[in-house]
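Below you'll find the structure, written out as structure tokens, and then a few comments.
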Amino acid sequence: MMNTPESIDLPEFLSARGTIRLPGSKSISNRALLLAALAEGNTEIHGLLESDDTTYMREALCRLGVEMTPLDAGVWRVRGAGGIFPVRRAELFLGNAGTAFRSLTAALALGGGGQRDYLLSGVPRMYERPIGDLVDALRRLGADIAYRGEAGYPPLAIGPAAIRSGGVVRIRGDVSSQFLTGLLLALPLTGAETTVEVVGELISRPYVEITLSMMARFGARVEREGERRFVVPAGCVYRSPGVVRVEGDASSASYFLALGAIGGGPLRVEGVGEDSVQGDVRFADALARMGARITMGPDWIEAGAPTAGKLRGIELDCNAIPDAAMTLATTALFASGPTTLKRIASWRVKETDRLAAMATELRKLGATVEEGEDHLRIRPPAAFVSPLQGIGTYGDHRLAMCFSLASRGVPVRINDPACVSKTFPDYFARFAEVARAVPVIAIDGPSASGKGTIAARVAGELGWHYLDSGAIYRLTALAARRAGVSWDDEAGVARIAAELDAQFDEHSIRLAGEDVGDAIRHEDISAGASRIAALPSVRGALLFRQRLFRRAPGLVADGRDMGSVVFSDAQTKVFLTASVEARARRRHKQLMEKGIAANISLLLLDLCERDLRDSQRGAAPLKQSEGGYRLDTTNLSIGETVAQVLTWSRMAG
Ligand code: DC
């Protein structure tokens, strides 16, 4: 796993197993915070999710005058405000947190007292996410809500109002279940009996179940009349139950369960199970239908690969598990046959248009995708491809997490990985704990230390892939020369590096279709390679290209920074060296064998110069990486050296 703020490179992984303790549920955390803030009495919330969305909710409640004290990791004490927020005038920024935005809108619009003046804002995407149906329902109850931007969308201004209490209020249920949730959470604040009628279909129903069960925990029992009528009784007041324990997040669990299913497993998630109130635990049933081995306890679920054969593609109505269903879309990459996810239109109004985004990014990996108005049909790729520009995440945490699964098939670069902080800040670190990456033997050393010969032989012995990273620098130098770009022009060469039209494998090296295996070995191209290799943006542009060589069952890579930068997590790191005289003699012999005239003392001088440049440059200078082995081959044969490297690699396991 290799990190920059712009992207994270995930190596292909061979298997996945272990145990993950889940972060707290976002849905439960934000409901618990709001209910505790509105209740009478103090509440201790245990296992609260600490992420962007819950931070927006917490900070908004603090601004509204609710006192909150952290007691321990994930433990907060909330001093209940008893139905009326102390601060009656506030501006609240809620990012892209839909749960916080919808439920606070309702609570602030209906909450106690006449005087109020609130402005609710968020990120630009929040202003594209509909809220009109909720606002209409609240207005019918007497609320004063004004659109500050486009009608039907945030930002919103909430003013003083005399709430008309009681009666029947209707709300649409087919755009977002958060409208109904917001309304239900706020209605006890009016004190009157109110009946809510859902108009049209109610989507994402399990989220409403979470709402009702949390309200009941705080003493407000909503009566149901059939599927779509909810009666909030008169005089129902929120009272703190004292302590609330937040379950693990069932949507976050989906990534690890899928990981177990595609990576062998067993992979166990702790924090959700049979007793969960979250609908997304039903994701496990969908995985089971695909053939995964699933076992469950009260608060854990375990997933593993099918006992025989591959996962199977399925057709599924995803209405009840809209978030976890996204995980099925990338799990489908590893199934035999196509997978069809139906009734997922709500994806279009989430953090991004998830339907379009998912289709676009799946296609980049080589999948064939049919994108309908409210369905997606995914045919796995015949062969995985990994886009050099990375997988786009559109600021959507779930896209980032879903596409981590693709690294079962190919190394993947995920752009803007920090977007996972919306619900799962340390996701990628946890992922790396359970996914076993393709092993790498990194062999670094100075020019003519024999690392190329050794690396290729070791790769041959193990049946692993081989990467000659120097050849990539040479290719870039050659391509720059051919394009008329000076080797000193850092931006120009970096662009060449990024766009390099190279087909490069163990057996042949082609530039724009032409075999350049010999051309890149010329002395002037060697000198050019050494010069452009000193340019940091050129090195950056070539990074992911090199990482793409890390494919199952393993990779032996040689160069200058294999162990220190490119594969810093390599299992085995070797620094090969030999006296400069020995290296000059070897290079001389090599050239003579190729029928190229050469002079030993000139070669010696040239090597000294290159050693100096490679070791003194600022960007990834040649040096032995920490924790690696050093091997001086001056007096060793090739066979002895290969044997030594193989021994070390076996010791790494
Ligand atoms: O290993 P080689 O001689 O083919 O490498 C050509 C040039 O590329 C050399 O001057 C150092 C540079 N290089 C590098 O900076 N980093 C690597 N990983 C490999 C080569």
Side-chain angles (χ1 to χ4, degrees), residues 2 4 6-7 9 364 366 385-392 410-413 415 444 447-448 451-452 465-550 557-562 565-567 587 591 594 596 606-607 609-622:
M2 340 259 163
T4 68
E6 295 81 41
S7 61
D9 292 343
K364 286 188 189 165
V385 282
S386 187
L388 282 168
Q389 76 274 26
I391 294 289
V410 73
V412 283
R413 168 166 283 195
N415 296 330
D444 290 304
S447 284
K451 54 191 189 317
H465 299 281
Y466 165 54
L467 167 64
D468 170 5
S469 63
I472 295 189
Y473 287 93
R474 292 166 178 275
L475 260 175
T476 306
L478 178 68
R481 151 96 17 119
R482 290 190 172 176
V485 172
S486 152
W487 288 332
D488 299 325
D489 173 2
E490 177 160 4
V493 181
R495 208 170 319 114
I496 297 271
E499 290 162 9
L500 209 57
D501 176 14
Q503 292 84 47
F504 184 40
D505 61 34
E506 281 108 285
H507 316 291
S508 82
I509 299 174
R510 292 176 176 278
L511 187 61
E514 176 197 336
D515 192 325
V516 292
D518 289 335
I520 61 165
R521 301 281 154 203
H522 283 164
E523 275 310 299
D524 62 331
I525 297 300
S526 301
S530 163
R531 272 168 57 191
I532 61 138
L535 307 172
S537 38
V538 173
R539 301 197 75 84
L542 293 174
L543 209 47
F544 188 49
R545 237 178 233 280
Q546 297 172 75
R547 289 175 177 160
L548 281 175
F549 283 82
R550 184 176 188 175
D558 88 67
R560 305 293 187 284
D561 61 345
M562 296 298 99
V565 177
V566 183
F567 304 109
R587 174 59 49 95
L591 291 173
K594 281 194 182 168
I596 304 173
D606 181 52
L607 280 177
E609 240 174 60
R610 273 217 259 165
D611 283 358
L612 199 68
R613 194 160 42 213
D614 290 349
S615 60
Q616 301 215 320
R617 68 183 180 214
L622 172 68

Among R560, E609, R613, which residue meets the side-chain contact (heavy atoms from CB on, under 4.5 Å) test with S447? R560
For side chain to side chain contact (heavy atoms under 4.5 Å, CB included), just list the numbers for V566 and R547, CA-CA rounded to whole Å, side-chain angles, deciding distance to a tenth of an Å, and then say yes or no. CA-CA 7 Å; V566 183; R547 289 175 177 160; 3.9 Å; yes
So for atom CZ, which belongs to R495, do other residues, nucleotides or ligands contribute more than 12 heavy atoms lying within a distance under 6.0 Å? no
Measuring from R474:CZ to S530:OG, what's the distance to the nearest 0.5 Å? 9.5 Å
Just verifying a value: how many Å separate I509 CD1 and D468 CG, rounded to the nearest 0.5 Å? 6.0 Å
When you check the gap from the basic side-chain N to the acidic O, do R531 and D488 get nearer than 4.0 Å? yes
Give a yes or no answer on whether the side chain of N415 reaches the backbone of S7 with a donor-acceptor pair at less than 3.5 Å. no
Gap between atom CD1 of I496 and atom CG of L475 - 0.5 Å precision: 12.0 Å
If you measure from CG on L467 to CZ on R545, what distance do you get to the nearest 0.5 Å? 12.0 Å
Taking all non-hydrogen atoms of both residues into account, name the closest pair between P411 and R550 and its distance. CG-O, 3.7 Å
Would you check if there is a donor-acceptor pair between the side chains of S526 and R521 at a distance under 3.5 Å? no
Minimum heavy-atom distance S386-L548, with the two atoms named: CB-CD2, 3.7 Å
Evaluate the side chain to side chain contact (heavy atoms under 4.5 Å, CB included) criterion for residues Y466 and D558: first the C-alpha distance (whole Å), next the side-chain angles of each, then the deciding distance (0.1 Å), finally the verdict. CA-CA 8 Å; Y466 165 54; D558 88 67; 2.6 Å; yes
Side chains of Q616 and D614, donor plus acceptor under 3.5 Å: no
Sidechain-backbone polar pair: W487 side chain, A480 backbone, donor-acceptor under 3.5 Å: no
Taking the side chain as every heavy atom from C-beta outward, state whether E514 and R482 have any pair of such atoms under 4.5 Å apart. yes
D489 versus V485, closest heavy-atom pair with distance: OD2-CG1, 3.9 Å
Could you walk me through whether D606 and R587 satisfy the salt bridge (Lys or Arg N to Asp or Glu O under 4.0 Å) test, starting with their C-alpha distance in whole Å, then the side-chain angles of each, then the deciding distance to 0.1 Å, before giving a yes or no? CA-CA 11 Å; D606 181 52; R587 174 59 49 95; 5.7 Å; no
If you compare all heavy atoms of A519 against all heavy atoms of I525, which two are closest, and at what distance to 0.1 Å? O-CG1, 3.7 Å
Quick check: closest heavy atoms across A497 and T476, and the distance to 0.1 Å? CB-CG2, 3.9 Å
Between A529 and A477 the two heavy atoms that sit nearest each other are N-CB, 3.6 Å
Taking R413 for the side chain and P387 for the main chain, is one N or O donor matched with an acceptor at less than 3.5 Å? no
Find the distance between CG (L388) and CD (E499) and round it off to the nearest 0.5 Å. 11.0 Å
One should read off an interatomic distance between L542 CG and S469 OG, to the nearest 0.5 angstrom, of 9.5 Å
Is any side-chain heavy atom of R481 closer than 4.5 Å to a side-chain heavy atom of D524? yes
